[in-house]
Amino acid sequence: MANGLPFSQAADAPALRAQGVDQSRISADPRRGTEVSLTSMLSIADLELAAQRRLPSSVFGYVMGGAENEVSLRSNRKDFDQWRFLPQALVDVSVRSQATELFGKRYDSPFGIAPMGVASICHFDGDRALARAALRANVPFVLSGASTTPLEKIAAVCPDAWFQAYLPSDRGVIQRMLDRVAAAKISTLVMTIDVPIASMREMELRNGFSIPLRPSTKLIMGGLAKPRWMLETLVRTLLRQGIPRFENFSADKGHRIITAAKGDHRAGRAAMCWDDIRWIRENWKGRLLLKGILRPEDACTAQRIGVDGVIVSNHGGRQLDGAISTIDALPPIVAAAPQLPVMIDSGFRRGTDILKALSLGAKFVFVGRPAMLGLAVGGEAGVVRALTLLRREIDVNLGLLGCPDISELSRDFLQRRTDSGFDQ
């Protein structure tokens with residue numbers, strides 16, 4: 001028991017039904033070729049296997065792939081193994097808490113849902129499903145600027161939602177977008193700063209996937225091979241919503257996802273610099289976060305400018321291949337910007353991953369692919385399942401660490417592997 005909520009497998013379904021989420025929904029288990037309930041999914045890895053069976057290869061590759069040789073994608077995972085736990089013995093852990101306060105709001109867990117573009121290709125009305133799941137779990141949800149649901153509709157579903165923007169250096173365009181976000185009463189703006197130009201995502205290209213979506217034999221055959229996805233996601237979307245549009249790149253109505261914008265939607269981002277961030281800080285009255293920080297000196301600059309927080313991120317290994325893993329980038333950034341809440345994303349799949357980041361000084365963690373995989377497998381209920389799995393793992397491992405309250409985590413709970421063994 002933690003925060004008054006049960007975490008045992010047997011207790012999962014009743015607890016979630018009490019929240020209005022039915023986790024008895026059926027999803028495919030690729031290991032057995034049978035249909036199983038979401039409650040039989042015991043880890044994010046199980047959800048990944050089920051999502052691979054359900055999604056067309058092009059869509060699954062978009063969700064899971066990285067840039068070029070995917071070096072950063074792999075490093076984000078393997079570098080967690082460089083940190084090992086030092087548990088405390090004989091500590092009373094009969095009552096445990098993972099509740100975390102961030103920007104004056106108390107959340108039930110120390111992680112939220114990271115921004116993910118084109119979520120609705122994984123499940124019908126995917127953006128709203130993610131938002132509703134976050135609301136039910138009482139964790140933050142960050143709507144991607146590359147989403148297909150107008151941010152105003154997300155704010156109506158989840159009033160505490162954050163918005164992540166891809167903005168050019170054109171201050172007229174920026175001001176109109178700031179006005180739109182403010183009018184929607186969204187108070188937290190997340191500026192992604194690590195996508196000045198598009199990266200090379202070879203897996204997507206090989207699978208026939210691109211943005212905008214270009215009909216091709218490979219793309220069409222991949223969809224036909226997954227009839228359930230075709231009916232429940234593609235056909236349902238077309239019948240009920242028409243061809244989706246990118247609704248949130250700017251203040252104007254976006255272009256359809258199968259047609260190119262008038263000028264690349266990335267146009268102008270390559271020219272953005274710190275002066276633009278200073279201008280945004282002066283003209284945006286809400287909370288301002290920068291996502292994509294990997295250098296301590298950049299965190300220092302953000303702190304001087306007066307941003308409200310930074311997110312250590314390498315875009316899940318989807319931008320600069322060979323960039324440092326976020327778990328390795330984290331400690332020097334925390335040390336360099338002591339006045340800022342330092343958050344982190346990229347590569348998180350287990351509750352222990354989250355505990356390691358918090359022990360190294362992160363204030364909060366955001367997860368992307370785990371939520372997207374849950375969405376693909378079971379819609380809103382699948383996202384809730386993914387969040388429940390991570391939350392339960394955190395609870396169990398807090399007890400095993402001898403740390404009853406997540407606020408007590410520190411570097412003292414970790415050792416780092418070196419060439420000669422482990423250092424404290």
(message) Can you give me the closest heavy-atom contact between M372 and M116, atom names plus distance?
(response) CB-SD, 3.6 Å
(message) Between D328 and S325 (side chain of the first, backbone of the second, donor and acceptor by atom type, cut-off under 3.5 Å), is there such a pair?
(response) no
(message) Using 0.5 Å steps for rounding, measure from the CG atom of L38 to the CG atom of D46.
(response) 11.0 Å
(request) Give a yes or no on whether the backbone of A165 and the side-chain of K291 come within a donor-acceptor separation of less than 3.5 Å. (result) no
(message) For S313 and D345, which I'm curious about, is there any donor-acceptor pair between the side chains at under 3.5 Å?
(response) yes
(message) So does S407 get a backbone contact from the side chain of D405, meaning a donor-acceptor N/O pair under 3.5 Å?
(response) yes
(request) Apply side-chain contact (heavy atoms from CB on, under 4.5 Å) to the pair D194 and L320, showing each step before the final yes or no. (result) CA-CA 8 Å; D194 60 357; L320 175 63; over 6 Å; no
(request) Validate the cation-pi geometry between R318 and Y62: distance from NZ or CZ to the six-membered ring centre under 6.0 Å, angle to the ring axis within 45°. (result) yes
(message) Could you check whether any side-chain N or O of R369 sits under 3.5 Å from a backbone N or O of V63, counting only pairs where one atom can act as donor and the other as acceptor?
(response) yes
(message) Using a 3.5 Å distance criterion without hydrogens, assess whether the side chain of R77 forms a donor-acceptor pair with backbone atoms of G347.
(response) yes
(request) Could you go through the side-chain contact (heavy atoms from CB on, under 4.5 Å) check for T326 and L294 one step at a time? (result) CA-CA 7 Å; T326 56; L294 290 175; 4.3 Å; yes
(request) Return yes when atom CE of M230 has more than 12 non-hydrogen atoms of other residues, nucleotides or ligands closer than 6.0 Å, and no otherwise. (result) yes
(message) Contact between L238 and I243 at the side-chain level, heavy atoms closer than 4.5 Å - yes or no?
(response) yes
(request) Please report the C-alpha distance between F246 and Y166 in whole Å, then the side-chain angles of each, then the deciding distance to 0.1 Å, and finally whether the side-chain contact (heavy atoms from CB on, under 4.5 Å) criterion is met. (result) CA-CA 12 Å; F246 288 110; Y166 291 107; over 6 Å; no
(request) Output all residues satisfying side-chain hydrogen bond (donor to acceptor under 3.5 Å, both in side chains) with Q175, sequence neighbours left out; order by chain, then residue number. (result) D179
(request) Decide yes or no for L373 and F60: does some side-chain heavy atom of the first lie under 4.5 Å from some side-chain heavy atom of the second? (result) yes
(message) Using only atom types and a distance under 3.5 Å, with no angle test, would you say the side chain of T100 pairs donor to acceptor with the backbone of Q98?
(response) yes
(message) Tell me if a side-chain donor or acceptor on W229 pairs with a main-chain N or O of E232 at a distance below 3.5 Å.
(response) no
(request) Report yes if some heavy atom in the side chain of F366 is under 4.5 Å from a heavy atom in the side chain of V190; otherwise report no. (result) no
(request) Compute whether any side-chain donor of one residue and acceptor of the other, for R385 and T388, lie under 3.5 angstrom apart. (result) no
(request) Look up atom CZ in R236 and atom CD in Q241, then write down how far apart they are to the nearest 0.5 Å. (result) 9.0 Å
(message) Keeping D308 on the side-chain end and L289 on the backbone end, is there a donor-acceptor pair under 3.5 Å?
(response) no
(request) Drop me the distance from N248's CG to L151's CG, to the nearest 0.5 angstrom. (result) 4.5 Å
(message) If we ignore hydrogens and angles and just use 3.5 Å, is the side chain of D127 paired with the main-chain N or O of T148 as donor and acceptor?
(response) yes
(request) Search all heavy atoms of A133 against all heavy atoms of V383 and return the closest pair with its distance. (result) CB-CG1, 3.4 Å
(request) Using only heavy-atom distances, determine whether the side chains of N397 and T352 contain a donor-acceptor pair under 3.5 Å. (result) no
(request) Please report the shortest heavy-atom distance between M343 and L102, naming the atom on each side. (result) SD-CD2, 4.3 Å
(request) Taking all non-hydrogen atoms of both residues into account, name the closest pair between N76 and G317 and its distance. (result) ND2-N, 3.6 Å
(message) Any non-hydrogen side-chain atom of D412 less than 4.5 Å from a side-chain atom of L86?
(response) no
(request) Output yes when a side-chain donor or acceptor of R180 lies under 3.5 Å from a complementary backbone atom of S250, and no otherwise. (result) yes
(request) Check L47 against G374 and note the closest heavy-atom contact, atom names and distance. (result) CD1-CA, 4.2 Å
(request) Looking only at non-hydrogen atoms, find the nearest pair between I327 and A357 and report the distance. (result) CD1-CA, 3.8 Å
(request) Could you verify whether a donor N or O on one side chain and an acceptor N or O on the other, from D276 and S169, lie under 3.5 Å apart? (result) no
(request) Describe, in one word, how the ring planes of F80 and F348 are oriented to each other, choosing from parallel (under 30°), tilted (30 to 60°) and perpendicular (over 60°). (result) perpendicular
(request) Determine, step by step, whether V157 and F141 satisfy the side-chain contact (heavy atoms from CB on, under 4.5 Å) criterion, reporting the C-alpha distance in whole Å, the side-chain angles of both residues, the deciding distance to 0.1 Å, and the verdict. (result) CA-CA 11 Å; V157 169; F141 167 65; over 6 Å; no
